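Lettering follows sequence order; numbering is per chain, from 1. Only a predicted model underlies this, so the values are computations on that prediction, with no experimental measurement involved.
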Protein chains: 2
Amino acid sequence: MSNAYNRPDQLSPELRRRVLETARRLGYPGPDPVARSLRTRKAGAVGLLLTENLSYAFRDPAALGFLEGLALACEDAGTGLMLIPASPEREDVAAVHRAGVDGFVVYSVPDDDPHLAAVLERPVPTVVCDQPDIGNVDRVGIDDRSAMYELAQHLIAMGHRRVGVVCMRLARDRNDGYVSVDRQHAAHFHVQRARLAGLAMAFSEAGVDWSKVPVVERFDHNTASGEAAAAQVLDRDPSITALICTSDILALGAMNEAKRRGLRVPEDLTITGFDGIQEAERAGLTTVRQPVLEKGRAAGKLLLDVGERTRPRSVNLSTELITGTTAAAPRTIAEERWFGP
Amino acid sequence: MSNAYNRPDQLSPELRRRVLETARRLGYPGPDPVARSLRTRKAGAVGLLLTENLSYAFRDPAALGFLEGLALACEDAGTGLMLIPASPEREDVAAVHRAGVDGFVVYSVPDDDPHLAAVLERPVPTVVCDQPDIGNVDRVGIDDRSAMYELAQHLIAMGHRRVGVVCMRLARDRNDGYVSVDRQHAAHFHVQRARLAGLAMAFSEAGVDWSKVPVVERFDHNTASGEAAAAQVLDRDPSITALICTSDILALGAMNEAKRRGLRVPEDLTITGFDGIQEAERAGLTTVRQPVLEKGRAAGKLLLDVGERTRPRSVNLSTELITGTTAAAPRTIAEERWFGP
DNA sequence: CTGAAAGCGCTAACAG
DNA sequence: CTGTTAGCGCTTTCAG
């Protein structure tokens with residue numbers, strides 16, 4: 001009987017037809033997928049752990065691109081993709097334990113996330129995307145530090161020395177304001193830590209005292225946060241020539257704030273982002289483009305690949321510096337005298 | 001032992017601690033979720049069936065809003081949300097059979113979709129969103145016919161009598177071109193059928209011969225399709241005063257095409273949409289807003305609500321006519337003579 | 001090709 | 001409070 005459903009080739013078509021027909025007449029709804037999964041030890045689905053609020057995942061183009069890539073990989077493999085209900089507020093790890101999946105993809109969570117810990121306890125393969133950077137687990141990501149280092153060098157070459165930084169949340173606690181160097185080093189979000197490290201390295205090499213550079217953090221990730229953070233930096237340090245944002249969303253917010261203040265970009269203020277989302281491209285933002293869809297696809301492939309899983313694998317995707325129209329050489333005092341403000 | 005994991009209250013904390021400690025030492029990874037699901041008859045997840053390509057779902061703001069609402073409802077209930085791998089090309093229904101879920105949400109599929117048939121065979125509750133309109137199943141949607149009827153009346157009141165229509169795909173076969181009245185009536189996508197019916201009713205009442213109104217269909221749903229479809233209508237019927245699109249995405253494409261032709265909107269051509277997505281609002285589109293996020297949330301609640309399930313329930317959400325800046329009274333020939341073209 | 005039986009790992013019920 | 005046991009529905013194996 002089982003054969004009728006699962007191995008059409010093991011019995012005659014005629015018999016198969018008869019069995020199925022009878023089953024239907026008896027009201028048999030087909031094999032129970034859960035019982036089958038128990039027996040075959042395959043759930044036919046992978047779990048996705050996003051620690052951010054779900055709304056965030058569906059509104060941030062970068063997260064969305066990742067999700068799309070992952071979903072495509074799953075679709076190719078005929079595998080379901082299960083969104084694990086794990087909001088950062090509720091520390092209810094039970095959902096991770098309850099999920100009947102063959103593996104997990106963990107996207108951009110802090111290294112001290114309890115849901116992540118629960119995932120790692122499960123005896124199924126796991127792929128971590130972007131962060132955190134933990135040993136012994138498959139990983140997909142980019143080299144955030146180098147990418148940001150390169151962007152910084154681009155600005156340094158233009159002549160920028162007085163800069164400000166706007167970054168995303170560095171830990172699970174809300175800290176909408178200035179960030180000490182200690183907090184930068186202790187950041188639980190590895191991606192943000194790496195990007196800041198890249199900046200610190202480049203500017204230190206250029207003779208800038210990094211501890212003096214204003215770095216402002218925002219917990220929420222949207223353009224309003226970018227606006228507020230940019231305002232905070234510009235209020236305290238009106239003399240900066242460039243505002244470096246660790247995401248395009250924040251940078252787009254900063255652009256709004258610059259406009260509101262009558263600052264021309266890039267003549268009066270250089271603004272840069274990170275991610276390479278479509279909205280940024282449209283705005284001509286100077287930024288770093290990362291292949292978000294490919295990241296999702298790679299994570300899915302890595303998880304679903306049945307190949308050797310002897311030692312942790314790591315996939316590093318390449319990024320590209322996008323030279324937009326929001327970065328230019330800072331005007332010197334002399335130039336301002338000459339050409340007017 | 002099971003109690004130690006599932007009923008902390010049934011035994012002393014001390015014992016619980018000891019049991020868990022021992023379990024860990026023995027390398028026990030915790031209860032297997034699949035076996036538990038088999039025993040408890042609860043999978044702790046709901047399945048989402050989207051028949052469109054997944055990429056579509058992640059790029060169309062309306063679908064995305066629905067997905068977000070559904071995901072929120074699931075998160076609130078601590079339930080997983082599983083995306084079922086069902087692309088329209090591959091007619092592989094197995095994924096539906098394989099999915100270990102407690103119920104299905106079906107979003108916007110044609111009434112003859114094989115995956116839908118497979119879902120309905122499964123002995124679990126199902127909620128259909130938008131379409132198709134099948135009996136005996138819980139449903140969430142809006143009154144597409146009335147909403148479009150109201151929009152049409154708005155245009156008729158302005159004086160529009162010569163109109164063209166651009167609509168989304170009406171069936172699973174590709175038909176990028178004109179649509180006969182027969183095809184309109186036979187459409188497998190109920191939503192599109194209802195919107196066209198609303199238009200037909202309003203314009204017929206206003207004395208317009210609906211069979212003479214050009215209706216153009218596009219299989220793909222993006223602005224490029226909207227542009228091409230608008231071009232097709234305008235090429236054949238340059239005298240129309242209004243172009244009614246059955247989605248905002250198509251309408252935004254039509255706006256591009258109008259601009260390319262040097263037609264001013266709304267002075268030379270009225271354009272309307274449907275959905276009320278953010279991009280449309282930004283463009284000042286005259287459209288019908290529907291609560292997409294609420295639709296998703298309502299679908300989730302309906303599915304997860306353990307209440308009486310004696311007879312099929314139906315949730316109808318309300319829509320709102322948005323009077324934008326893309327619709328105005330058509331200029332008469334006399335006016336054109338007077339004011340210039 | 002057919003039928004019978006073991007057992008996947010768990011939870012719930014019940015007896016001690 | 002603790003230990004034992006039946007059985008969820010399936011697939012796989014093995015004997016006929």
Report summary line: Contacts satisfying ring-ring contact (aromatic ring centres under 6.0 Å, His included) that involve residues 63-88 of chain B (not counting sequence neighbours) are F66(B)-Y107(B)
Query raised in the report: Just by distance, do the side chain of R193(B) and the backbone of A187(B) share a donor-acceptor pair under 3.5 Å?
Result: yes
Query - Test item: D275(B) side-chain N/O and I277(B) main-chain N/O as donor-acceptor pair under 3.5 Å - result: no
Once you round it to whole Å, what is the distance between [atom2] of [N] and [atom1] of [X]?
X: H97(A); N: dC10(C); atom1: NE2; atom2: C1'; result: 15 Å
X: R98(A); N: dC10(C); atom1: CZ; atom2: P; result: 15 Å
X: R16(A); N: dT2(C); atom1: CZ; atom2: C1'; result: 17 Å
X: K42(B); N: dG9(C); atom1: NZ; atom2: C1'; result: 19 Å

**Report entry** R139(A)-N316(A) side chain donor-acceptor pair, cut-off 3.5 Å
**Finding:** yes
Please list, pair by pair, any protein nitrogen or oxygen found under 3.5 Å from a nitrogen or oxygen in nucleotides 8-10 of chain D.
unit_1	atom_1	unit_2	atom_2	d
dC8(D)	O3'	R41(B)	NH1	3.0
dG9(D)	OP1	R41(B)	NH1	2.6
dC10(D)	OP1	Y28(A)	OH	2.6
dC10(D)	OP1	D32(A)	N	2.7

Query raised in the report: Roughly how far, to the nearest 0.5 Å, is CG of L83(A) from CG of L81(A)?
Result: 5.5 Å
**Report entry** Carboxylate-amine/guanidinium contact E294(A) R297(A), below 4.0 Å
**Finding:** yes
